[in-house]
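Everything numeric in this text was worked out from a predicted model, so none of it was measured. By convention in this document, chain letters (A, B, ...) are assigned in the order of the sequence lines, proteins followed by strands, and residues within each chain are numbered from 1.
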Number of protein chains: 2
Amino acid sequence: MASKLFKEKGYSAVTMRDIAAGINIKAASLYNHISGKQEILSAIILNVAKEFTVGMDGVIAKKGSAIEKIERVIELHIDITVNYSEALASLNNDWMHLQKNDLAEFIKMRERYEENFRSIIKQGIASNELKPNHPEVILFSIFSTLRTLYLWYEKRGKLDVNILKKDMVSVLIKGII
Amino acid sequence: MASKLFKEKGYSAVTMRDIAAGINIKAASLYNHISGKQEILSAIILNVAKEFTVGMDGVIAKKGSAIEKIERVIELHIDITVNYSEALASLNNDWMHLQKNDLAEFIKMRERYEENFRSIIKQGIASNELKPNHPEVILFSIFSTLRTLYLWYEKRGKLDVNILKKDMVSVLIKGII
DNA sequence: GTTCAAAACTAACAATTGTTAGTTATAAAT
DNA sequence: ATTTATAACTAACAATTGTTAGTTTTGAAC
């Protein structure tokens, strides 16, 4: 419920009274369940960040071509988007409002995730599976598409997940020509 | 200066005192120059939104293949990103904090822009320039990559614009294989 | 050197913020 | 029926918010 409000207006613009009203209680009653506003944000963000970390670790662990691994990363993102659509808004837009320890943990996970993705692309270029484009551009292109998928998934009427996976793999890997 | 703060923490988390401190004056002094916080936000967002609108209108007006038009759209986004990097953060993340009239104007511009982009893709599919993928997936893929370019452009040490354009066109249109 | 508009300042405001203290309602277990 | 833990409530707090009022400083034009 809080994550839905955070998605709509951003963490800073949502008040404890807003969150409480969303579940028909008063703001003070929230403190019977949580320690404060920050805890809500970090629960939302770190939970989904861990999903990404675990998922990416799984992709890296399995053997396979770079293309196969990229396909699995695309599927991972789509699955998480379907299950955590609102949390992804906070992860993308409000991570900077995490406090010290949570912020450090988040940044560490994000860096590790990105580095893993980068290693897959480098593997693909080394094995001639991928065009010798600048790896950063490939990384950025795929990454940013997957990152903002949550904005589209709902707007476009909850497309069928399997069709979406196939289309995304096709467009992102083989291009649009 | 305000746009830089908005990019870092988001509109709602930035106070008038923050903005004033950024230019070494007191908050009250800001009101000698502007009517309020909202005006800052709408100036930032609507200005860059108009750049997109004018640019896209230019692309649509010129004759050319769908691929050529998509290339020009990519170049348009890169040019705007280079010149308005901070404003793009507000446009992407804080547009919902615009007030009534400004919000309506923004949404109208965004819809028109998107519709123009969609028409280019449809033209490309009709003329067999593009693969018969679902147009929405192509639109979303290119769009979201361009949309978040501002996050990468600075982090990656201000890449050379012309090289970036070529790489982006290659990756987004021809794919990574 | 006086004038005068632009733009800075101090001080304060009403409203809203996250949070705490203390109290009451709920409902399962004895 | 009494107890007891859970979770709701009211009321209030200190801090911070955007903004206004009134005053002083600045600096170019005369």
Side-chain angles (χ1 to χ4, degrees), chain A residues 1-49 86-87 89-107, chain B residues 1-49 86-87 89-107:
Chain A
M1 181 53 62
S3 60
K4 193 180 162 196
L5 292 170
F6 288 168
K7 181 182 184 181
E8 283 167 10
K9 315 202 292 173
Y11 173 75
S12 304
V14 175
T15 71
M16 294 300 273
R17 287 163 180 82
D18 291 335
I19 296 171
I23 51 179
N24 282 321
I25 62 174
K26 301 290 174 174
S29 305
L30 289 168
Y31 291 82
N32 287 319
H33 305 279
I34 47 133
S35 75
K37 196 185 176 188
Q38 275 287 335
E39 188 179 285
I40 303 177
L41 183 69
S42 75
I44 290 172
I45 293 182
L46 293 184
N47 177 52
V48 66
E86 279 116 14
S90 296
L91 184 141
N92 278 316
N93 301 323
D94 286 320
W95 59 268
M96 73 287 280
H97 297 118
L98 290 170
Q99 50 198 10
K100 266 179 141 284
N101 288 347
D102 291 336
L103 178 61
E105 190 183 352
F106 171 77
I107 290 177
Chain B
M1 179 53 65
S3 60
K4 194 180 162 198
L5 291 171
F6 288 168
K7 181 182 182 180
E8 284 168 9
K9 313 201 293 173
Y11 173 75
S12 304
V14 174
T15 71
M16 294 300 272
R17 287 163 180 83
D18 291 335
I19 296 170
I23 52 179
N24 282 321
I25 63 173
K26 301 290 174 174
S29 306
L30 288 169
Y31 291 81
N32 288 318
H33 306 279
I34 48 135
S35 75
K37 196 184 178 190
Q38 276 286 335
E39 187 178 287
I40 303 177
L41 184 69
S42 75
I44 290 173
I45 292 181
L46 293 185
N47 177 52
V48 66
E86 278 117 13
S90 297
L91 183 141
N92 278 316
N93 302 322
D94 286 319
W95 59 269
M96 73 286 280
H97 296 118
L98 290 171
Q99 51 198 9
K100 266 179 139 286
N101 289 346
D102 291 336
L103 179 61
E105 190 182 353
F106 171 78
I107 290 177

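Note on B:H33: every side-chain N or O is 4.0 Å or more away from OP1 and OP2 of C:dA6. For the pair B:S29 and C:dC9, the criterion of a side-chain N or O lying under 4.0 Å from OP1 or OP2 is met.
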Check: Along nucleotides 12-23 of chain C, 5' to 3', which nucleotides get a B, which get an S, and which get a -, given that the test is a protein heavy-atom distance under 4.0 Å?
Finding: B----BBBBB--
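Look at NZ on A:K26: it is 6 Å from P on D:dC9, rounded to the nearest Å.
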Item checked: Derivation of the side chain to side chain donor-acceptor pair (under 3.5 Å) call for A:T15 and A:D18 -> CA-CA 5 Å; A:T15 71; A:D18 291 335; 3.3 Å; yes
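Judged by distance alone, the side chain of B:K9 and the main-chain N or O of A:S12 form no donor-acceptor pair under 3.5 Å.
Atom-to-atom distance recorded for A:M16:CE and A:K26:NZ is 15.0 Å, nearest 0.5 angstrom. Between the OG atom of A:S42 and the CG atom of A:D94 there is a distance of 12.5 Å, given to the nearest 0.5 Å.
Using bins of under 30°, 30° to 60° and over 60° for the plane-to-plane angle, the ring pair A:F6/A:Y11 lands in the perpendicular bin.
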